[in-house]
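Comments concern the structure below.
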Amino acid sequence: MHRDTAHLRLRQISVTFGDTTAVAPFDLEVAHNEFVSLVGTSGCGKSTLLNVVAGLIPPTSGTVTLGGHPVGGPGRDRGMVFQKYTLFPWLTAAQNVEFALRDKPDLPRRERRAEALDLLRQVGLGGREDAYPDQLSGGMQQRVAIARALSYRPEVLLMDEPFGALDALTRRVMQDLLTQLWEQHRLTVLFVTHDIEEAVYLSDRVIVMSGTPGQLRREIPIALPRPRNRDLASDERYREACAEAYEEIFTAADTALS
Ligand SMILES: Nc1ncnc2c1ncn2[C@@H]1O[C@H](COP(=O)(O)OP(=O)(O)OP(=O)(O)O)[C@@H](O)[C@H]1O
Ligand SMILES: [Mg+2]
């Protein structure tokens, strides 16, 4: 089935803004149900790449395909979650999710509501469906944003520092929630973060980028068993993977500065 062979492929992607080349030819393949993180110093092109995959920025050259089909613009096969809270403040949690389902003509209003409530329950917000965003904490708002992104059943979830604005404890809870949803929905995830430990904890593979222009510097496979838990902190392989990523990032930054 199409869904089982879904495979995200970036080929020779480059992005130029005026006279700035944000991303140099960049190649990446992500397998179906793989969790891949992009890390790298600020400005190395992570968001630009994610936006290209989302179809929000057209690449200057190169192609993105999903399941063999070229990605031309935004589409329901890809869900996006941003660092900034992006909910409509005048809509409740449930209405925000329902809004994302508005152009599913085959879905009657009552079912849209039921689906929104189900998704909110899955992200741990059962009972808070009628709250407005300003009545919810940052973590809760991001849960709604995740529910919204999942509502159209995307194959790929694109996340740009989704937990960047959250406190450390909430962040941990959200990481475990994301892992759970990733398994349940059999998602392919492309995740941008500044937090190396977060990238290693969540991912099957960590891509270290260097800039500028943004390039793939190193791929670090994370062969840690799943399910993962916080005991990993004392696992030698976990610590080694983190150290390797840090070293690559710092070397890349030094190279860029010298
Ligand atoms: N719309 C734009 N117009 C002009 N330049 C841009 C635009 N968007 C990004 N850039 C430039 O492209 C480069 C990469 O930016 P990008 O936002 O992708 O970096 P990033 O890795 O996501 O950084 P951060 O970690 O700070 O979020 C930077 O030099 C940035 O100034
Ligand atoms: Mg960014």
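Residues: numbered from 1 along the sequence shown. Since we're looking at a predicted model, the values are computed, not measured. We count ligands from 1, going down the list as the structure has it; atoms in each ligand are counted the same way.
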For E161, atoms of ligand 1 separated by under 4.0 Å from a heavy atom
25 (O), 27 (O)
For atom 17 (O) of ligand 1, the closest protein heavy atom turns out to be S47 CB, 3.8 Å
Please indicate whether any nitrogen or oxygen in A22 is less than 3.5 Å from any nitrogen or oxygen in ligand 1.
no
Can you tell me if an N/O/S atom from S47 lies under 2.8 Å from the Mg ion (ligand 2)?
yes
If you scan protein heavy atoms around atom 4 (C) of ligand 1, the nearest is F17 CB, 3.3 Å
Are T179 and D176 linked by a side-chain donor-acceptor pair shorter than 3.5 Å?
no
Would you call R205-E29 a salt bridge at under 4.0 Å N-O?
no
Does either side chain, that of Q122 or that of H185, offer a donor lying less than 3.5 Å from an acceptor on the other one?
yes
Short N/O distance, under 3.5 Å, between T212 and ligand 1?
no
List the closest protein heavy-atom neighbour of atom 28 (C) of ligand 1: residue, atom name, distance to the nearest 0.1 Å.
G43 O, 3.7 Å
I need the nearest protein heavy-atom contact for atom 26 (O) of ligand 1: residue, atom name and distance, please.
S42 OG, 2.5 Å
So if I count the atoms of ligand 1 from 1 in the order they appear, which ones are less than 4.0 Å from some heavy atom of H194?
25 (O)
Between Y201 and R230, is there a cation-pi geometry (under 6.0 Å to ring centre, at most 45° from the normal)?
yes
Short side-chain donor-acceptor distance under 3.5 Å, E197 and Y246:
yes
Pair R226 + E183: basic N to acidic O under 4.0 Å:
no
Considering only the protein, which heavy-atom contact is closest to atom 25 (O) of ligand 1, and what is its distance?
K46 NZ, 2.8 Å
With distance as the sole criterion, is a donor-acceptor pair present between the side chains of T193 and S37 under 3.5 Å?
no
Report, in ascending order of atom number, the atoms of ligand 1 lying under 4.0 Å from any heavy atom of G45.
14 (C), 16 (P), 18 (O), 19 (O), 20 (P), 21 (O)
So which protein heavy atom does atom 16 (P) of ligand 1 come closest to, and at what separation?
T48 OG1, 3.5 Å
Under 6.0 Å from the six-membered ring centre of F163 and within 45° of its axis: does the NZ or CZ of R171 meet both?
no
If you measure from each non-hydrogen atom of M209 to ligand 1, which part falls under 4.0 Å: side chain, backbone, both or neither?
neither
Are R148 and E98 close enough, and set up right, to give a salt bridge (Lys or Arg N to Asp or Glu O under 4.0 Å), and what steps lead you there?
CA-CA 8 Å; R148 181 180 59 185; E98 284 175 70; over 6 Å; no
